[in-house]
K.L.:
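Structure in structure tokens, see below.
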Amino acid sequence: MKMDTAGGAFAAMVIGFLTGMIALLTQDGVESIADIGSIPWIVLLAGSVISFAKDYQALTVRQYLSRTTTGKVNAPPLVVVLAGFLALAMLAGCSGTRAAYKAADGLEETAKVVSEHYFALVREANDLADQNVLTGMALTNAQNVVRSTRPVVIELSNAANAYAFVRSAKNAADLERAITNAALAVSRLIDVIKGRGSSAIQDLERDLESIIKRRPVYLAAA
Amino acid sequence: MDPITIAILALRGVAAVLTTQGQTGVATTINTLIVAYEAGKNVDAYMAEVADGLKNGLELADWDEITGRINAEVDEFLARE
């Protein structure tokens, strides 16, 4: 058994196992590893062992094929697995945000949590632009979203101030409406931030596909 | 070290190898993915601080401060070319 082949399969098994564990931890009512029942653990472990066996088989075949080609990138599947793992973490990694919305008590606190969320997203958009991740058309689109959503968030602060000044049914209804509109604005900004990640995954898949498609050319050259 | 950190390190390693092999397109895409992931993580960390403040009974910032911060960030973002 060659270690590079076994190591690759083992890495895939560990990643699969950890991904499954994260999925179990994100379930409602599961706060820690101790909350996961014995049956899910058995299923997860059995799945991981099967995954190791199948990956080992697949990687052995792949290694054999690699010896007959001169392709430069020998691990596109591993890159896709890691990228997929990161994408999963990107989708699951919002426990702090959920906790903030859950902890908000009443309309005023909810309004402030929405506003803080908006602030954090725009700040990250600035950071992405600083790192040249948001450039060109992506930057222009993001700027359009921010430009059109700022008045909605400022309106939210006006509605909250009016509600704090006079707690009437009308002001409460106005504030509720403003919170809904601001939440939609936040949602659009999330699309901008996470959209960069999603499009990066799509780009990655396309790039890897083109590398794989180029292999016959290498083979012909060899 | 948590599994996500290991995945990021592995992806950075792959990106570095690809760069040395001249596959800069894929390397750039991987780095974009990592930066986008970290951006989402930063937002979540900030919101976790807000959640902690609320749970501990702390007052959230007043509206003048919040809108001031939002306007400063938005102005900076819209000024970019």
K.L.:
Taking all atoms of both residues into account, what is the closest heavy-atom pair of A/Gln143 and B/Arg80, and its distance?
P.N.:
NE2-O, 2.8 Å
K.L.:
Quick one: what part of B/Asn56 sits under 4.5 Å from any heavy atom of chain A, side chain, backbone, both or neither?
P.N.:
neither
K.L.:
After noting the C-alpha distance and the side-chain angles of B/Asn71 and A/Ile154, does the key distance pass the side-chain contact (heavy atoms from CB on, under 4.5 Å) rule?
P.N.:
CA-CA 9 Å; B/Asn71 281 329; A/Ile154 299 303; 3.8 Å; yes
K.L.:
If you take all heavy atoms of B/Ala51 and A/Gly96, which pair is closest and at what distance?
P.N.:
CB-O, 4.1 Å
K.L.:
So which residue, B/Leu78, B/Val50, B/Thr67, ends up with the most heavy-atom pairs under 4.5 Å with chain A?
P.N.:
B/Leu78
K.L.:
Which heavy atom of A/Ala100 sits nearest a heavy atom of B/Leu54, and at what distance?
P.N.:
O-CD1, 3.7 Å
K.L.:
Determine the option with the most heavy-atom pairs under 4.5 angstrom with chain B, choosing from A/Asn161, A/Val122, A/Asn126, A/Asp105.
P.N.:
A/Asn126
K.L.:
Compare every heavy atom of B/Ala61 with every heavy atom of A/Lys112, then report the nearest pair and how far apart it is.
P.N.:
NZ-O, 3.1 Å
K.L.:
Let me confirm one number: the OG1-CD distance from A/Thr140 to B/Glu81, rounded to the nearest 0.5 Å.
P.N.:
10.0 Å
K.L.:
Apply side chain to side chain donor-acceptor pair (under 3.5 Å) to A/Asn144 and list each qualifying residue two or more places apart in sequence or on a separate chain.
P.N.:
A/Arg147
K.L.:
I'd like to verify something: which residue of A/Glu108, A/Lys102, A/Arg123, A/His117 has the highest number of heavy-atom pairs under 4.5 Å with chain B?
P.N.:
A/Arg123
K.L.:
Is it the backbone or the side chain of A/Asn158 that comes under 4.5 Å from a heavy atom of chain B, or both, or neither?
P.N.:
neither
K.L.:
side-chain contact (heavy atoms from CB on, under 4.5 Å) for B/Glu73 and A/Leu121? Distances and angles first, verdict last.
P.N.:
CA-CA 10 Å; B/Glu73 289 292 339; A/Leu121 287 165; over 6 Å; no
K.L.:
So for B/Glu49, is it side chain, backbone, both, or neither that comes closer than 4.5 Å to the heavy atoms of chain A?
P.N.:
neither
K.L.:
Quick one: CG on B/Asp75 to CZ on A/Arg150, what's the gap to the nearest 0.5 Å?
P.N.:
4.5 Å
K.L.:
What pairs with A/Tyr118 under ring-ring contact (aromatic ring centres under 6.0 Å, His included), at least two apart in sequence or on another chain?
P.N.:
none
K.L.:
Passes side-chain contact (heavy atoms from CB on, under 4.5 Å), A/Thr97 versus B/Tyr46? Steps please.
P.N.:
CA-CA 8 Å; A/Thr97 306; B/Tyr46 182 81; over 6 Å; no
K.L.:
Tell me which of these, B/Lys55, B/Glu76, B/Arg69, B/Glu38, has more heavy-atom pairs under 4.5 Å with chain A than the rest.
P.N.:
B/Arg69
K.L.:
Let me know if A/Ala142 has heavy atoms under 4.5 Å from chain B in its side chain, its backbone, both or neither.
P.N.:
both
K.L.:
Work out which heavy atom in A/Ser115 is nearest to a heavy atom in B/Trp63; give both atom names and the distance.
P.N.:
OG-CZ3, 3.1 Å
K.L.:
For A/Glu116, is it the side chain, the backbone, both or neither that has a heavy atom under 4.5 Å from a heavy atom of chain B?
P.N.:
both
K.L.:
Taking side chain as everything from C-beta outward and backbone as N, CA, C, O, which of these in B/Ile66 sits under 4.5 Å from a heavy atom of chain A? Side chain, backbone, both or neither.
P.N.:
side chain
